[in-house]
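Structure first, commentary second.
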Amino acid sequence: MTEIRLLTEADLDQFWQLRLRALKEEPASFAASYEESAAMSQAQSKKYLESSTNAFVFGAFAPQLVGMIGFYRRQGLKINHKGVIWGMYTAPEFRGKGIGKSLMQSAIAQATGFGDLKELLLVVGGHNKSAHGFYSACGFKTYAIEPKALRVGEDYFDDECMSLKLSGA
């Protein structure tokens with residue numbers, strides 16, 4: 001049985017270990033680097049879990065933390081109708097069990113509850129066809145490609161920008 005819930009400061013150690021694992025195992029899928037993130041202080045990493053009407057992180061527990069998805073609302077009067085999904089990751093040994101879908105549904109429901117939020121944005125590595133297929137199945141549509149968005153060593157990776165109109169938008 002998998003439990004999906006908002007992460008709190010009490011989950012920081014599990015969250016940070018899973019995040020570092022994601023960054024290390026899939027460096028072309030995240031803008032953050034493992035090296036920079038591993039060097040962050042606990043106070044810096046704690047900021048990721050500060051929940052508000054502008055940001056949150058959901059986790060999937062089975063019973064340990066095996067998946068996560070983050071959200072933040074853009075700031076500024078002209079752009080705060082949009083939110084950003086970030087850091088989605090499910091440990092490979094737990095993929096294909098509906099955990100990612102449950103995390104995404106939870107994040108969309110929480111963001112939709114903000115009322116005046118109209119659209120969710122995310123970025124997926126152009127190389128990651130399974131993630132692209134997952135996001136498409138969740139209703140996200142591609143609106144742009146950023147060539148050579150990331151450089152990992154000597155390799156460059158394109159990013160695909162996707163959006164989801166929220167109900168009532």
*For residues E9 and K46, determine if any side-chain heavy atom of one lies less than 4.5 Å from a side-chain heavy atom of the other.*
yes
_Path from W86 to L122 over hydrophobic side-chain contacts below 4.5 Å_ = no
*asked:* Just verifying a value: how many Å separate M40 CE and L20 CG, rounded to the nearest 0.5 Å?
replied: 9.5 Å
*Could you state whether L7 and I99 fall into the same hydrophobic cluster, counting links through intermediate Ile, Leu, Val, Met, Phe, Trp or Tyr residues with side-chain heavy atoms under 4.5 angstrom apart?*
no
*Got F15 and V57 here, is their nearest side-chain heavy-atom distance under 4.5 Å?*
yes
_Distance (rounded to the nearest 0.5 Å) between Q64 CD and Q17 CD_ = 13.0 Å
*Backbone N/O of L65 and side chain of Q14: donor-acceptor pair under 3.5 Å*: yes
*Does any donor atom in the side chain of H132 or E160 lie under 3.5 Å from an acceptor atom in the other side chain?*
yes
*Heavy-atom side-chain contact between I108 and L164 under 4.5 Å*: yes
*Looking at NE2 of H127 and CG of D158, how far apart are the two atoms once the value is rounded to the nearest 0.5 Å?*
10.5 Å
*How many angstroms lie between atom CG of L121 and atom OG of S163, to the nearest 0.5 angstrom?*
6.0 Å
*Dump the intermediate steps for side-chain contact (heavy atoms from CB on, under 4.5 Å) on Q110 and F58, then the final yes or no.*
CA-CA 10 Å; Q110 183 87 356; F58 273 99; 3.8 Å; yes
*asked:* Can a donor-acceptor pair be found, under 3.5 Å and without considering hydrogens, that links the side chain of T142 to the backbone of A144?
replied: no
*asked:* Tell me whether Q44 at atom CD has more than 12 heavy atoms from other residues, nucleotides or ligands lying less than 6.0 Å away.
replied: yes
_Pairs satisfying side chain to side chain donor-acceptor pair (under 3.5 Å), at least one member in residues 18-30, at least two apart_ = R21-E25, R21-E93, E25-Y89, E26-R95
*For residues L117 and L166, determine if any side-chain heavy atom of one lies less than 4.5 Å from a side-chain heavy atom of the other.*
yes
*Can you check whether Y48 and W16 have ring centres sitting under 6.0 Å from each other?*
yes
*Please say whether more than 12 non-hydrogen atoms of neighbouring residues, nucleotides or ligands are located less than 6.0 Å from CD in Q75.*
yes
*With the side chain counted from C-beta on, respond yes when K141 and M162 share a heavy-atom pair under 4.5 Å apart, and no when they do not.*
no
*Does the side chain of Y135 reach to within under 4.5 Å of the side chain of I85, using non-hydrogen atoms?*
no
*Run the numbers on R5 and D11 for salt bridge (charged side-chain N to carboxylate O under 4.0 Å, His left out), then give the verdict.*
CA-CA 11 Å; R5 65 171 172 79; D11 301 308; 2.8 Å; yes
*May I ask you to decide if the ring planes of F71 and F56 are parallel, tilted or perpendicular, using 30° and 60° as cut-offs?*
parallel
*Y72 atom OH, over 12 foreign heavy atoms within 6.0 Å*: no
*Side chains of E36 and S33: do they bring a donor and an acceptor to under 3.5 Å?*
yes
_Side chains of F114 and N54, heavy atoms from C-beta outward: is any pair under 4.5 Å?_
no
_Within this structure, what is the NZ-OG distance for the pair K129 and S136, rounded to the nearest 0.5 Å?_
10.5 Å
*Taking the side chain as C-beta and beyond, is there a heavy-atom pair between M88 and M104 under 4.5 Å?*
yes
*Nearest heavy atoms of A149 and D159, plus distance in Å*: CB-OD2, 3.3 Å
